[in-house]
Structures are given as structure tokens and as C-alpha cells.
Amino acid sequence: QVQLVESGGGLVQAGGSLRLACAASGRASSSPTMAWFRQAPGEERRFIAAIRWSGDNTFYADSVKGRFTISRDLAKNTMFLQMNSLKPDDTAIYYCASGSPILSSLRSDSAYRSWGQGTQVTVSS
């Protein structure tokens with residue numbers, strides 16, 4: 001079982017930046033892929049970005065490509081999401097997840113076994 005704890009959310013003005021972190025503990029090595037999802041009020045949870053622990057393969061949703069950057073620190077078992085040029089539409093609860101999805105399922109939340117508690121990101125206009 002992998003435990004995940006997010007941090008770094010908050011309130012920021014449009015155009016600003018935030019950096020989220022997701023610290024993994026437990027059997028992190030058994031989950032080769034980590035990802036960020038977000039859920040806005042009244043909407044379903046949506047894929048944002050994913051990264052493979054081994055290598056530098058990264059994947060992004062079109063809505064954040066060029067603005068968000070996912071990365072990881074293997075020594076600290078921590079994943080990051082650098083969010084730049086934030087927009088009010090980015091307002092949501094952001095969740096990190098870990099699992100072993102195949103490539104075709106990487107953007108599906110059902111493919112991930114472990115989830116963090118979520119961190120609120122609010123972007124004001």
C-alpha cells in the first residue's frame with residue numbers, strides 16, 4: 001500500500017504560479033506511475049499529468065500543456081506539479097495518485113490504486 005500526501009495548494013491570482021508536492025511512502029516502488037488529477041465543483045475528476053518513476057516519460061492533458069510541468073525527486077519519493085500562468089478555470093481540488101496503468105489507461109482515474117487526500121487550488125480573476 002502506498003500513502004500519498006499532497007501539499008502546496010492555496011489561493012493565487014490569475015497569471016500566478018503554484019507548486020504542488022506529493023510525498024509517497026510505503027511501497028512506492030510497486031507503483032511505477034504517479035499522476036495528478038483535479039476535480040472542480042460539479043465536475044468529474046480529470047487527468048492533468050503523469051510521470052513514470054523510472055525514466056523521464058511525462059504525459060499531459062491538452063488543457064495544461066505548456067503551463068504545467070510534472071517532475072519527481074526519486075531520492076525523496078516526491079512528485080511535483082509546477083503550475084504557471086494559472087487561470088480561474090484551473091480552480092479545483094488537486095489529487096495525486098499512484099498505480100501501474102498501461103499506456104492506454106494512463107489518463108483514467110480507475111487505473112490508479114492509491115490516492116492522496118487532495119489539496120485545494122483557487123485562482124481568482
Side-chain angles (χ1 to χ4, degrees):
Q1 185 71 18
V2 177
Q3 292 79 43
L4 304 173
V5 179
E6 301 102 335
S7 61
L11 173 64
V12 64
Q13 288 188 329
S17 299
L18 281 175
R19 189 191 195 206
L20 306 183
C22 175
S25 60
R27 298 185 63 188
S29 60
S30 66
S31 299
T33 302
M34 292 190 71
W36 289 99
F37 287 77
R38 70 186 182 190
Q39 187 169 23
E43 296 185 9
E44 63 184 19
R45 191 160 50 187
R46 300 183 188 278
F47 171 81
I48 296 300
I51 188 167
R52 305 286 198 190
W53 276 120
S54 60
D56 292 323
N57 288 6
T58 57
F59 309 85
Y60 294 95
D62 288 343
S63 59
V64 304
K65 199 173 295 184
R67 299 188 298 123
F68 291 10
T69 303
I70 191 170
S71 62
R72 83 278 190 263
D73 184 328
L74 292 174
K76 296 181 179 180
N77 270 355
T78 301
M79 175 179 65
F80 302 97
L81 185 69
Q82 178 66 44
M83 304 185 295
N84 298 328
S85 302
L86 283 162
K87 307 173 183 179
D89 285 349
D90 295 317
T91 295
I93 299 175
Y94 283 69
Y95 298 91
C96 68
S98 68
S100 307
I102 58 176
L103 186 58
S104 60
S105 300
L106 191 134
R107 289 170 169 78
S108 173
D109 60 357
S110 62
Y112 294 86
R113 291 191 301 268
S114 299
W115 291 84
Q117 81 287 354
T119 185
Q120 177 71 47
V121 171
T122 302
V123 184
S124 62
S125 57

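This one's a predicted model, so the numbers in the text were calculated from it and none came from an experiment.
For the pair Arg107 and Tyr60, the tightest heavy-atom approach, listed with the atom from each and the gap, is NH2-O, 3.3 Å. Looking at every heavy atom in both residues, Ala49 comes nearest to Leu81 through CB-CD1, 4.4 Å. When every heavy atom of Ser125 is checked against every heavy atom of Ala14, the shortest pair comes out as CA-CB, 4.4 Å. Counting all heavy atoms, side chain and backbone alike, Ala24 lies closest to Leu4 at CB-CD2, 3.7 Å.
Looking at heavy atoms from C-beta onward, Arg38 lies in side-chain contact with Ser63 at the 4.5 angstrom threshold. The shortest distance between side-chain heavy atoms of Met34 and Cys22 falls below 4.5 Å. A heavy-atom distance below 4.5 Å is found between the side chains of Phe47 and Phe59. By the 4.5 Å heavy-atom criterion applied to side chains, Thr119 and Leu20 are counted as neighbours. Two residues are said to be in side-chain contact when any heavy atoms from C-beta on lie closer than 4.5 Å; Met79 and Cys96 meet this criterion.
A salt bridge is absent between Arg46 and Asp109; no separation between the charged side-chain nitrogens and carboxylate oxygens falls under 4.0 Å.
Between the side chain of Ser85 and the main chain of Arg67, no donor-acceptor pair closer than 3.5 Å is present. Of the possible donor and acceptor atoms, none in the side chain of Tyr94 sits under 3.5 Å from a partner among the backbone N and O of Gln39. Under a 3.5 Å cut-off, the side chain of Ser110 and the backbone N or O of Ser108 do not form any donor-acceptor pair. The closest donor-acceptor contact from the side chain of Thr91 to the backbone of Thr122 lies at 3.5 Å or more, if one exists at all. Counting only distance, with no hydrogens or angles, the side chain of Glu6 and the backbone of Gln117 share a donor-acceptor pair below 3.5 Å.
For the pair Arg19 and Phe80, the cation sits on the ring face: its NZ or CZ lies under 6.0 Å from the ring centre, inside 45° of the axis. Stacking of Arg45 on the aromatic ring of Tyr95 is recorded, both the 6.0 Å distance cut-off and the 45° axial limit being met.
Phe37 and Tyr112 have perpendicular rings, their planes meeting at more than 60° on a 0 to 90° scale where under 30° would count as parallel.
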Worked verdict on Lys87 versus Asp90 for salt bridge (Lys or Arg N to Asp or Glu O under 4.0 Å): CA-CA 5 Å; Lys87 307 173 183 179; Asp90 295 317; over 6 Å; no
Test log, rule side chain to side chain contact (heavy atoms under 4.5 Å, CB included), inputs Gln13 and Val123: CA-CA 5 Å; Gln13 288 188 329; Val123 184; over 6 Å; no
Gln82/Ser17 under side chain to side chain contact (heavy atoms under 4.5 Å, CB included): CA gap, chis, key distance, verdict: CA-CA 7 Å; Gln82 178 66 44; Ser17 299; 3.9 Å; yes
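Hydrophobic clustering (side-chain heavy atoms under 4.5 Å, transitive across Ile, Leu, Val, Met, Phe, Trp, Tyr) groups Ile48 together with Leu18. Cluster membership check: Leu106 does not share its hydrophobic cluster with Ile70, using side-chain heavy-atom separations under 4.5 Å among Ile, Leu, Val, Met, Phe, Trp and Tyr. Cluster membership for Val2 and Trp115, using ILVMFWY side-chain heavy atoms within less than 4.5 angstrom, is not shared.
Among Ser98, Pro101, Ser100, the one residue that satisfies the side-chain contact (heavy atoms from CB on, under 4.5 Å) test with Arg113 is Ser100.
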